[in-house]
Asker: 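After the structure tokens below, expect a handful of questions from me.
All values reported here derive from a predicted model rather than from experimental measurement. First the proteins, then the strands, lettered A, B, ... as listed; each starts at 1.
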Number of protein chains: 2
Amino acid sequence: MAQKNILQFIILGLINDHPQTGYELTKSFDNDIGEFWSAKHSQIYPQLKTLEEKQYLTHTMEVSGEKLERKRYSITPAGQHLLTAWIAEPTINQTNGKDEFVLKLYFIHDQTDPRLTTMLEEQLQYHTEKLTHLKNQLSKKFPDGGDPANFGHYLILSHAVSRETEYYDWLNDALKQI
Amino acid sequence: MAQKNILQFIILGLINDHPQTGYELTKSFDNDIGEFWSAKHSQIYPQLKTLEEKQYLTHTMEVSGEKLERKRYSITPAGQHLLTAWIAEPTINQTNGKDEFVLKLYFIHDQTDPRLTTMLEEQLQYHTEKLTHLKNQLSKKFPDGGDPANFGHYLILSHAVSRETEYYDWLNDALKQI
DNA sequence: CAAAAACATGTAATTAATTACATGTTCATA
DNA sequence: TATGAACATGTAATTAATTACATGTTTTTG
């Protein structure tokens, strides 16, 4: 992809919440926000370097144990300015959802195609597990519903759950129709 | 992205339905399958070339009007074999969902943040239009519900509609909560 | 009939993102 | 105390995808 380097803003946003290391940021992408954006450490470390060169971040060295060093990054006022500007600007970029399975389905024209059941059931299993996991996360992180101090996080987790519910329902519906 | 070249299979699938030109393929990505995969012509033409070199496609020249030439690609038996193999193999999927707006939301912690309403309403307007458009498409292409001869197409359009409905409902829900 | 929109096909430059390479430390546990 | 999992940080090579460059034809419409 040749996008607008959205990753930099997400990193700034995460660090704005509290100073973090590259490793911790990587974990955030795996856990909290992975449903809506992903990035590997090989993309994160160079981006941290670039953001610091541009003075949007600074870092302090930490030592854990005897000699294991790590950099904990903090956001600068310039970084905060960039972050709020990104949030404020209208989001026109409809990032393209890509779903390999759905494309495969598109090429199966006949409702009685013997491959359909297997394919749908395979996906159903995957999405059932995913839905369970997301529901667990939601009730674990927000047992009392929307937390007013973490509203954004609550909203996107809710979205993840209902999106996954839609996928699950759609697969079941499709199976009923064959 | 460094994926597994899924584009080649999609092109093979589209051409398998009927011989097509690069231009027509580009339109397919814009219209029918754009909700679940997208590709620009600058990606499609080189891929057609590669697929023909590998003997998965052949082409015949066509002339429209006086001198405007175009290549109409057909799938070869080898191409069909590759296509069916792709469809048959289990889809081990990490839905590469990236949504810039949702990420912006994540960074808004306070439920009373003055930016929330504007942001959500802006998205609501966009997704309302998109939902209307998709519903129109569905009732236009499949006025009598699931067509047994175009089942895959029906399924993915249904999915697009319910997915968009979920987004719409979620945004409305969020607005009610603030 | 002129202009604009749509048709039509390619390549080049650049950016984004993944996989693989490379190295070493700390912690839990068997 | 060895062994493996998790911690931790980077770079290199490669692939995917977008934007921009480049050119020309046909059809529609005012």
Asker: To the nearest Å, give me how far apart OH (A:Tyr45) and C1' (C:dA17) are.
Answerer: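 Atom-to-atom, A:Tyr45 to C:dA17, this comes out as 17 Å.
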
Asker: How close or far is atom P of D:dT14 from atom CG of B:Asn5, stated in whole angstroms?
Answerer: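 About 17 Å, once rounded to whole Å.
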
Asker: OP1, OP2 of D:dT18 versus side-chain N and O of B:Ser38: anything below 4.0 Å?
Answerer: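 Affirmative; the distance criterion is met.
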
Asker: CD1 of A:Ile11 versus P of D:dT9: gap in Å, rounded?
Answerer: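 It works out to 13 Å between those atoms.
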
Asker: Between C:dT14 atom C1' and B:Lys40 atom NZ, what is the distance in whole Å?
Answerer: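 One finds 15 Å between C1' of C:dT14 and NZ of B:Lys40, rounded.
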
Asker: Between the protein and nucleotides 22-25 of chain C, list the N/O to N/O atom pairs that are separated by less than 3.5 angstrom.
Answerer:
residue: C:dT25; atom: OP1; partner: A:Lys67; partner atom: NZ; Å: 3.2

Asker: Write down the distance between NZ (A:Lys27) and P (D:dT9), rounded to a whole number of angstrom.
Answerer: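 Rounding to the nearest Å, NZ of A:Lys27 and P of D:dT9 are 12 Å apart.
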
Asker: Please write out each protein N/O paired with an N/O of nucleotides 2-6 of chain C under 3.5 Å, distance rounded to 0.1 Å.
Answerer:
none

Asker: Sequence neighbours left out, what pairs pass side chain to side chain donor-acceptor pair (under 3.5 Å) with at least one residue falling in residues 25-34 of chain B?
Answerer: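 Counting only pairs at least two positions apart or across chains, the side chain to side chain donor-acceptor pair (under 3.5 Å) contacts touching residues 25-34 of chain B are B:Asp32-B:Lys141.
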
Asker: I'd like to know if the side chain of B:Thr76 pairs up with that of B:Gln55 as donor and acceptor (distance under 3.5 Å, no hydrogens or angles considered).
Answerer: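 No - no donor-acceptor pair under 3.5 Å links their side chains.
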
Asker: Extract all donor-acceptor atom pairs below 3.5 Å that involve side chains of residues 79-87 of chain A and protein atoms in other chains or at least two apart in sequence.
Answerer:
residue: A:Gln80; atom: NE2; partner: A:Asn16; partner atom: OD1; Å: 2.9
residue: A:Thr84; atom: OG1; partner: A:Gln80; partner atom: O; Å: 3.1
residue: A:Thr84; atom: OG1; partner: A:His81; partner atom: O; Å: 3.0
residue: A:Trp86; atom: NE1; partner: B:Glu100; partner atom: OE2; Å: 2.7

Asker: I want to check one thing: is the phosphate of D:dG10, taken as OP1 and OP2, less than 4.0 Å away from some side-chain N or O of A:Lys71?
Answerer: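 So the side chain of A:Lys71 is within the cut-off, an N or O lying under 4.0 Å from OP1 or OP2 of D:dG10.
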
Asker: Just jot down the ring-ring contact (aromatic ring centres under 6.0 Å, His included) partners of B:Tyr73, sequence neighbours excluded, or say none.
Answerer: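 Partners of B:Tyr73 by the ring-ring contact (aromatic ring centres under 6.0 Å, His included) criterion, ordered by chain and then number, come out as B:His59.
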
Asker: Classify the ring geometry between B:His159 and A:Tyr167 as parallel (under 30°), tilted (30 to 60°) or perpendicular (over 60°).
Answerer: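 Rings of B:His159 and A:Tyr167: perpendicular, as their planes differ by over 60°.
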
Asker: Which part of the nucleic acid does B:Ser42 contact within heavy-atom distance under 4.0 Å: base, sugar-phosphate only, or nothing?
Answerer: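 Counting heavy atoms under 4.0 Å across all strands, the contact made by B:Ser42 includes a base.
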
Asker: Between A:Ile92 (CD1) and D:dT18 (P), how many Å, whole number?
Answerer: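 Taking CD1 of A:Ile92 and P of D:dT18, I get 15 Å after rounding.
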
Asker: Without decimals, in angstroms, what is the distance between B:Gln43 CD and D:dA20 P?
Answerer: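 Going from B:Gln43 (CD) to D:dA20 (P), I get 16 Å.
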
Asker: Would you call B:Lys104 and B:Glu122 a salt bridge, using N to O less than 4.0 angstrom?
Answerer: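 Salt bridge between B:Lys104 and B:Glu122, a charged N being under 4.0 Å from a carboxylate O: no.
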
Asker: Are A:Arg163 and B:Glu166 within salt-bridge range, i.e. N to O under 4.0 Å?
Answerer: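 No, A:Arg163 and B:Glu166 are not salt-bridged.
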
Asker: Is it true that A:Glu164 and A:Lys135 have a side-chain N and a carboxylate O under 4.0 angstrom from each other?
Answerer: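 Salt bridge: no.
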
Asker: Can you pull out every side chain to side chain donor-acceptor pair (under 3.5 Å) where at least one residue sits in residues 106-120 of chain B? Sequence neighbours excluded, please.
Answerer: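 For residues 106-120 of chain B, and leaving out neighbouring residues, the side chain to side chain donor-acceptor pair (under 3.5 Å) pairs sorted by first residue read A:Asp17-B:His109, B:Asp110-B:Thr112, B:Asp113-B:Arg115.
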
Asker: Just the rounded figure in Å: distance from P of C:dG10 to CD of B:Glu69.
Answerer: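 Taking atom P of C:dG10 as the reference, CD of B:Glu69 is at 10 Å.
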
